Amino acid sequence: MLDINGVYKVFLPGTVNEKIVLRNVCLKLDEGDFATLIGSNGAGKSTLLNCIAGVHSPDKGIIKINGVDVTKAIEYKRAYLLGRVFQDPMMGTVSNMSIGENIAFAVRRGQKRTLKQCITNTERDKYRELLKILNLGLEDRLNTSAGLLSGGQRQALTFLMATVKKPKLLLLDEHTAALDPATAEKILNLSHEIIKENNLTTLMVTHNMRDAIKHGNRLIMMHEGRIVLDIKGQEKQRLTVDNLLKRFGKASGAEFESDRALLY
Amino acid sequence: MQIITGSISLGLLWSIMTIGVYITFRILDIADMTVEGTIAMGAAIAAQAIINGMDPYAATALAMAGGMLAGLITGLLHTKLKIPALLSGILTMIALYSINLKILGKANLSLLRADNVFTVFENLGLSAANATIVIGLICAIITVIILYWFFKTELGCSVRACGKNPGMTRAQGVNTNNMIILGLVISNALVAVSGALIAQNQCFADIQMGIGSIVIGLASVIIGEVLYSRQHLMSKLIALVLGAVTYRIIIALVLKMGMSPNNLKLFTAVTVAIALALPVIKTKLHPVKISIEEDV
Ligand SMILES: Nc1ncnc2c1ncn2[C@@H]1O[C@H](COP(=O)(O)OP(=O)(O)O)[C@@H](O)[C@H]1O
Ligand SMILES: [Mg+2]
């Protein structure tokens with residue numbers, strides 16, 4: 001479903017600030033894979049997701065989604081393949097559009113925008129039903145501006161928007177990091193449910209080791225622009241935090257201590 | 001009374017350009033300087049076309065096409081050549097100064113003896129002042145209705161989304177560059193129509209007409225938002241029309257109170273600066289106090 005081969009990304013090439021952020025990244029996700037991605041700050045996780053989504057284009061290597069080579073495709077042209085939820089709750093919705101308009105906007109992802117109504121009445125009824133899944137009472141507030149929602153509500157709505165039109169690949173970049181712990185857990189559990197129910201191929205960045213272990217069938221760890229661990233199957237299910245820390249040390253040859261706080 | 005009707009009619013004609021300014025400034029989040037050149041171009045095209053015997057309505061439509069072209073050029077400079085939006089607008093505006101002079105042939109073109117969109121109604125028996133109000137009102141209502149419809153279409157929603165959250169809009173598969181260009185084209189079309197109507201109303205087109213018009217537009221937008229705007233899109237659009245009219249009434253009153261017309265632009269600029277700074281001034285005057293008791 002996702003096939004990344006030999007991807008490099010260099011920021012500010014040719015300057016004193018040149019930084020190789022991705023080094024020969026290779027990663028294959030099969031259909032239905034739910035992979036969690038962890039790594040210390042600056043490891044290149046967001047950059048990798050941005051390369052997949054087309055926000056950045058890799059300097060070397062090939063990226064295929066669902067068999068389509070998207071390496072050179074600009075962001076909006078590959079959007080039809082992807083669902084995305086960002087870390088910042090403000091990023092995922094349009095604040096001055098209503099909840100209903102936001103969902104309708106996402107439902108038309110990858111379609112040509114025409115002079116038809118941006119949301120029809122039949123859609124309204126459908127979205128009310130859909131919003132009930134979130135269990136946040138949003139189904140009664142279809143005409144409320146998304147800007148009036150709390151961070152947690154906006155993230156829940158963004159998640160719904162990212163998955164309502166089943167994407168070939170779902171990219172989640174620390175999508176609960178800006179929320180308080182209780183809300184974060186709620187959104188994460190909701191994400192888990194929706195991903196499982198729709199069998200969505202997912203790549204989820206998290207800074208929380210326990211979440212990375214608890215969710216998904218694969219765990220991928222990055223360090224300084226490289227993928228240093230890719231744990232799957234039975235092994236992934238038996239994984240513990242301590243065990244993971246040890247394996248990270250061995251694989252990267254780096255001390256973990258400084259990163260420990262960040263990863264918990 | 002005469003001051004009021006004069007202000008209302010002038011305000012209605014300027015309300016079309018106010019809506020244009022709103023589209024770029026508030027919806028696209030761009031301060032589009034093209035407007036200063038476009039309003040004079042609308043006037044110049046309409047005036048020259050009318051003098052050459054064109055029907056005033058067709059001449060106004062021609063002005064509109066000119067405005068669309070101006071918006072298109074600014075849009076291409078900004079999106080394709082990656083020139084910052086403000087600078088793109090300034091470049092088009094400066095270029096338009098020369099083009100407008102070419103269209104006019106001289107700095108000032110009189111329309112005194114020519115027919116215009118208002119005389120058609122005057123011939124029906126309306127007074128000149130009332131004819132202006134009727135035409136202005138019809139144009140404003142049509143503009144508001146069409147834009148209300150447009151911004152509720154898939155395409156219109158994409159333009160709105162693109163101004164507020166371009167990253168997310170691209171993530172939904174929308175070409176944000178095209179939406180910016182579309183917004184600029186619509187905006188400048190409206191501004192040019194406004195210029196064409198103003199020229200026909202005052203019976204001349206002048207190369208200097210556009211100077212300061214962006215600030216007048218912004219002042220009208222802000223007055224409309226502060227005094228009349230509500231959440232609903234329709235109310236926002238109507239508020240712009242009312243804002244443009246209110247601006248004209250305020251100006252007429254200030255002039256009547258004895259302010260020299262020479263100070264008008266200074267007055268408007270200072271008013272807009274204060275209005276735009278209000279959020280900052282407010283937080284300076286009433287810093288957010290964090291009270292522990294309230295938090296519990
Ligand atoms: N647009 C950019 N320009 C320059 N450097 C960048 C840019 N984006 C990210 N970086 C750098 O790339 C490195 C990796 O960043 P990122 O992928 O955001 O890390 P992560 O998400 O794993 O914390 C960081 O050192 C960051 O400073
Ligand atoms: Mg990151």
Side-chain angles (χ1 to χ4, degrees), chain A residues 49-50 52-55 73-86 88-98 100-120 123 143-148 154 157-158 161-162 164-165 167 170-171 173, chain B residues 22-30 79-80 82 145-183 185-186 221 224-225 229-237 239-240 279 295-296:
Chain A
L49 262 63
N50 282 334
I52 298 170
V55 179
I74 46 179
E75 190 182 356
Y76 79 89
K77 281 200 174 152
R78 64 173 89 173
Y80 74 99
L81 296 162
L82 299 168
R84 275 153 77 190
V85 184
F86 313 89
D88 180 356
M90 297 305 183
M91 274 300 292
T93 49
V94 184
S95 57
N96 65 344
M97 287 185 354
S98 69
E101 285 172 338
N102 268 287
I103 301 176
F105 192 54
V107 164
R108 288 160 177 75
R109 178 168 58 238
Q111 285 175 21
K112 207 170 147 43
R113 312 287 165 147
T114 67
L115 289 175
K116 287 197 203 103
Q117 285 285 296
C118 66
I119 177 168
T120 62
E123 279 181 272
N143 293 322
T144 306
S145 287
L148 297 175
R154 279 182 90 153
L157 175 60
T158 307
M161 288 162 58
V164 60
K165 196 178 165 221
L170 179 63
L171 299 174
D173 192 354
Chain B
Y22 175 82
I23 291 174
T24 48
F25 187 66
R26 284 294 192 225
I27 295 185
L28 288 182
D29 201 16
I30 286 175
T79 60
K80 301 286 183 233
K82 307 284 172 218
I145 289 176
I146 291 180
L147 286 183
Y148 179 72
W149 163 79
F150 174 72
F151 283 120
K152 292 280 181 190
T153 65
E154 293 171 358
L155 204 55
C157 264
S158 303
V159 175
R160 281 161 69 200
C162 158
K164 268 280 176 245
N165 195 340
M168 177 270 197
T169 306
R170 279 190 292 274
Q172 303 301 346
V174 173
N175 182 343
T176 43
N177 281 349
N178 285 352
M179 295 308 124
I180 292 172
I181 293 174
L182 181 60
V185 165
I186 296 173
V221 167
E225 286 179 340
S229 191
R230 300 277 175 280
Q231 260 295 289
H232 199 254
L233 179 62
M234 182 55 104
S235 100
K236 283 183 184 164
L237 292 171
L240 296 171
D295 260 352
V296 175

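Just so it is clear, the values below take in all heavy atoms, side chains as well, and ignore hydrogens, waters and symmetry mates. The model shown is predicted, which means the values in this text are computed figures rather than measured ones.
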By side-chain contact (heavy atoms from CB on, under 4.5 Å) - contacts of E75(A) (at least two apart): V55(A), R84(A), R170(B)
Spacing of I180(B) atom CD1 and C162(B) atom SG [to the nearest 0.5 Å]: 4.5 Å
Side-chain touch N175(B)/Y76(A), heavy atoms, less than 4.5 angstrom: yes
From SG (C157(B)) to CZ (F150(B)), nearest 0.5 Å: 9.5 Å
Side chain, backbone, both or neither of T169(B) within contact of chain A (heavy atoms, under 4.5 Å): both
Option in T114(A), V94(A), N102(A), I74(A) with maximal non-hydrogen atom pairs under 4.5 Å from chain B: T114(A)
R113(A) charged N/C atom sitting above F105(A) aromatic ring, 6.0 Å / 45°: yes
Interface residue of largest heavy-atom contact number with chain A, from Q172(B), Q231(B), M168(B), under 4.5 Å: Q172(B)
A106(A) portion near chain B, given a 4.5 angstrom heavy-atom threshold: both
Interface residue of largest heavy-atom contact number with chain B, from I119(A), T93(A), N143(A), under 4.5 Å: T93(A)
Side-chain ion pair, K236(B) and E225(B), N-O less than 4.0 Å: no
Interchain contact, K77(A) with chain B, by part (heavy-atom threshold 4.5 Å): neither
Heavy-atom neighbours of K112(A) NZ exceed 12 at 6.0 Å: no
Under 4.5 Å from any heavy atom of chain A - which part of K152(B): both
E101(A), part contacting chain B, at a heavy-atom distance under 4.5 Å: side chain
Contacting moiety of M161(A), where chain B heavy atoms sit under 4.5 Å: side chain
